[in-house]
Amino acid sequence: MTVQLTDNRRVIYRRPDALQDKSTHYCPGCGHGIVHRLVAELFDEMKLTGRTIGVGSVGCSVFAYEYFKTDFVESPHGRAPAVATGVRRVQPDKFVFTYQGDGDLAAIGTAEIVHAAARGENITAIFVNNGIYGMTGGQMAPTTLLGQKTTSSPLGRDPVLAGYPVPITEMLALVPGTAYAARGSVATPQLVGRAKSLLKRAFELQEAKAGFTIVEILSNCPVGWGMTAPASMEHVEKDVIGTYPLGVLVDRAKAGPESK
Amino acid sequence: MSAMATTQLAPKRVLMKGNEAMAEAAIQAGCDAYFGYPITPQAEILELMARRMPEEGRVFIQAESELGAINMALGAAATGARVLVSSSSPGISLMAEGMSYMAGSEVPMVLINVMRGGPGLGSIGPSQSDYFQAVKGHGHGDYKVPVLAPASIAEAVALMADAFELAERYRTPVIVLADGTLGQAMEPVSPAYRDPARLQTDWNLTSTNGEREPRVVRSLHLRPEELQEHNTHLQAKFAQIAEREVRFATERIEDADIVIVAYGTAARIARTAMERGRSKGLRIGIFRPITLWPFPTAELVAATEGKRGILTVELSSGQMVEDVRLAIEGRLPVHFLGRQGGVLPSPNEVLEACRKMVAP
């Protein structure tokens, strides 16, 4: 998709080659579009598109296969890490990633993600956390903040009734099979740039067959949260990050093999 | 072929346990990857695969659950690999989700169910109480999968290669439905191993290598018309399977007054009852479905025409008997003898039930 320009104007921003030329179904202001773009930019830069098999999940990102120019397999709700395990074990030279939301990965798919990490599967989980079940109408997720109102916690999440937000990425960072676990966000332009570098490190470690890698991206859900898009991003920056601190939770390749 | 050549080619006769025989037959049939989870009475399949698959340089994973196993199978099979999963009844229930997805997204795979007693945790004894589950769809949605039911260890060996072949020919999961007796028993076998030829495929995920359009393996079709079209396509495929792939066996049916319909271990018991009955002048024959779906409906009708009655024998409270009655449509009396929970009927009980059918 090289754009030919007749004068001396320069292209500084365009659709990554790894993305299809399609409008997405995501709601206006949703962070999924940004995360898709970051992943696709890295596919271009690291020349991964032709070697990649994507593993979809259930939730708002269920149609991810419509947007990436890679082979894709759909999974039942929560099972993407098991499906990705199957793909990667019989196609050991491919790049394999899952793209999952927080309902998918941190609730129904808890066993699958924990054991994919425990086995040190050479896959990357791209985990987009917006603290809500967006696709089904904004119900409470395991990651919903305390006090947050959703359609299934109408008075706000009460820990006595509904427990506490699950820090699943911290939990996964404890597992020796996890080579890399990090949390970023797409709430501000600076954070978008930082999130891309976290994803890049995870992709490089998968290429090095270092083990399981996961990057959690704190994102938004303006429709489910009942906020404007800018207000929702501000909410991520001001409130969500307080519960889910950003940073590299573990990088065992950097720390050296002893830390395994 | 000369007698000499036949002798040389004949496979060695060995004593094999059913579970191990099915596992080894799958390996010899070119199985690329196996995923399982421990459950009685099929754990020997997992154990043999744990040793043999790495020896062959192939993939073995003991999954975190049956959900994990069936979804690993989905991923591996979506790439075109030849994949086996095994479990027993409660584990098979957990796999219903993955089976529905695989049927919907047309991913070939073979699943062995070594049935135990249910419902719930039930017992670890031999049973045939998962007939409905296997034959009537298993998971959610409008679908069927071929179900092969061996009645001996030698047949189980032969059916493993057939199962992979059917799975790949029709892009569908296939169930091999055995029971605890077949899994646990040992029999002398001359294993007829076979590695079916691989088909040319244009749907499986191998990554584009920048040389083709991306492929997607999915069961999601949100537009109602699109999903209807997909289901119509699936139903046409099922009709084709039903037309072409029916398998059954009969024994001494020509002069029989009574026909016993039974599959798997129940058919073995029925055969002893038949022999004892015949030695006492009671003319019994056996009709044994090998494909439980597609059920040999027309074949059963033809085989039982003019007979006095049918006795269906199952290790269940009566599941296949419903398909027998649907086939017979009241033309003949259809009786039922079943035992549950791991209890086997004795040949004499079966014989007694036959005798009652012809008693004046």
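Sequence lines set the chain letters: A, B, ... in the order given, protein chains first and strands last, and positions in each chain run from 1.
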- Item | Atom pair CG (A:L105) and CD1 (A:I113), whose distance is rounded to the nearest 0.5 Å | 4.0 Å
Would you list the atom pairs in which one atom of chain A and one of chain B form a donor-acceptor pair under 3.5 Å?
{"residue": "A:G50", "atom": "O", "partner": "B:S207", "partner atom": "OG", "Å": "2.9"}
{"residue": "A:G50", "atom": "O", "partner": "B:T208", "partner atom": "N", "Å": "3.3"}
{"residue": "A:G50", "atom": "O", "partner": "B:N209", "partner atom": "N", "Å": "2.7"}
{"residue": "A:Y65", "atom": "OH", "partner": "B:R218", "partner atom": "NH1", "Å": "3.4"}
{"residue": "A:D71", "atom": "OD1", "partner": "B:R212", "partner atom": "NH1", "Å": "2.9"}
{"residue": "A:D71", "atom": "OD1", "partner": "B:R215", "partner atom": "N", "Å": "2.8"}
{"residue": "A:D71", "atom": "OD2", "partner": "B:T206", "partner atom": "N", "Å": "3.1"}
{"residue": "A:D71", "atom": "OD2", "partner": "B:S207", "partner atom": "N", "Å": "2.9"}
{"residue": "A:D71", "atom": "OD2", "partner": "B:R212", "partner atom": "NH2", "Å": "2.7"}
{"residue": "A:F72", "atom": "N", "partner": "B:R215", "partner atom": "O", "Å": "2.9"}
{"residue": "A:F72", "atom": "O", "partner": "B:V217", "partner atom": "N", "Å": "2.9"}
{"residue": "A:E74", "atom": "N", "partner": "B:V217", "partner atom": "O", "Å": "2.9"}
{"residue": "A:E74", "atom": "OE1", "partner": "B:S219", "partner atom": "N", "Å": "3.4"}
{"residue": "A:E74", "atom": "OE1", "partner": "B:L220", "partner atom": "N", "Å": "3.0"}
{"residue": "A:E74", "atom": "OE2", "partner": "B:S219", "partner atom": "N", "Å": "2.8"}
{"residue": "A:E74", "atom": "OE2", "partner": "B:S219", "partner atom": "OG", "Å": "2.6"}
{"residue": "A:R79", "atom": "NE", "partner": "B:E97", "partner atom": "OE1", "Å": "2.8"}
{"residue": "A:K94", "atom": "NZ", "partner": "B:T206", "partner atom": "O", "Å": "2.9"}
{"residue": "A:K94", "atom": "NZ", "partner": "B:S207", "partner atom": "OG", "Å": "3.2"}
{"residue": "A:R119", "atom": "NH1", "partner": "B:E64", "partner atom": "OE1", "Å": "2.9"}

- Ring centers of A:F97, A:F43 separated by less than 6.0 Å: yes
- Please assess A:R183 against A:E170 for the test salt bridge (Lys or Arg N to Asp or Glu O under 4.0 Å), listing each intermediate value before the final yes or no. CA-CA 9 Å; A:R183 184 183 289 119; A:E170 277 84 351; 2.6 Å; yes
- Heavy-atom pairs under 4.5 Å with chain A, option from B:L220, B:V107, B:L74 with the top count: B:L220
- Item | Side chain A:N129, main chain A:G131, donor-acceptor under 3.5 Å | yes
- Task: With a 4.5 angstrom heavy-atom cut-off, could you sort out which part of A:F95 is near chain B: side chain, backbone, both or neither?
- Result: neither
- Message: Can you confirm if the aromatic rings of A:F63 and A:F68 lie within a centre distance of less than 6.0 Å?
- Response: no
- Any idea which of B:V59, B:V83, B:V217 has the most non-hydrogen atom pairs under 4.5 angstrom with chain A? B:V217
- Message: With a 4.5 angstrom heavy-atom cut-off, is it the side chain or the backbone of B:I70 that approaches chain A, or both, or neither?
- Response: neither
- Query: What distance do A:W225 atom CH2 and A:T144 atom OG1 have between them, rounded to the nearest 0.5 Å?
  - Reply: 9.5 Å
- Message: If we ignore hydrogens and angles and just use 3.5 Å, is the side chain of A:D102 paired with the main-chain N or O of A:T143 as donor and acceptor?
- Response: no
- Item | Part of B:A78 within contact of chain A (heavy atom distance under 4.5 Å) | side chain
- Task: Name the option with the most non-hydrogen atom pairs under 4.5 Å to chain B; the candidates are A:P76, A:G56, A:A116, A:A84.
- Result: A:P76
- Message: Could you measure the distance from the OG1 atom of A:T213 to the CD1 atom of A:I123? Nearest 0.5 Å is fine.
- Response: 7.5 Å
- Task: To the nearest 0.5 angstrom, please state how far the CD1 atom of A:I132 sits from the OG1 atom of A:T151.
- Result: 6.5 Å
